[in-house]
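Worksheet: the structure to be examined is printed underneath.
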Amino acid sequence: MRPHSSIRTLVSRVLSIHQLTPDLEQAINNELTRLGYLPEGDAEVLELLMEALDSGLVRLVPSNCVVS
């Protein structure tokens, strides 16, 4: 059984709060760097995140405007 992806967990958090904060964005980038590749399932999750950003379901929050 494959362990649950950290990228999936991070994207799930972004989708649940409807905001891509600088900390969450950095955590996703760090995980991608750590892995050194993009697993197929994680690529689909990141595409979902991009679609949510494009459609306005998730907003990109500047570092000085993070709202909890």
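Atom CG of Asp23 sits about 11.5 Å away from atom CD1 of Ile28, to the nearest 0.5 Å. For the atom pair CG (Leu38) and CG (Leu32), the distance works out to 6.0 Å, reported to the nearest 0.5 Å. With rounding to the nearest 0.5 angstrom, the CG atom of Leu15 is 11.0 Å from the CG atom of Leu10.
The two residues Pro22 and Val61 make their nearest non-hydrogen contact at CD-O, 3.3 Å.
Checking side-chain atoms of Ser12 against main-chain N and O of Arg8 turns up no donor-acceptor pair under 3.5 Å.
Here Gln26 pairs with Asn30 under the side-chain hydrogen bond (donor to acceptor under 3.5 Å, both in side chains) rule; sequence neighbours left out. A search for side-chain hydrogen bond (donor to acceptor under 3.5 Å, both in side chains) contacts involving Glu31 returns Arg34, not counting sequence neighbours.
Between Leu60 and Glu25, some side-chain heavy-atom pair lies under the 4.5 Å cut-off.
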Quiz: residues 48-58 side-chain donor-acceptor pairs under 3.5 angstrom, not counting sequence neighbours:
unit_1 : atom_1 : unit_2 : atom_2 : d
Ser55  : OG     : Glu51  : O      : 3.1
Ser55  : OG     : Ala52  : O      : 3.3

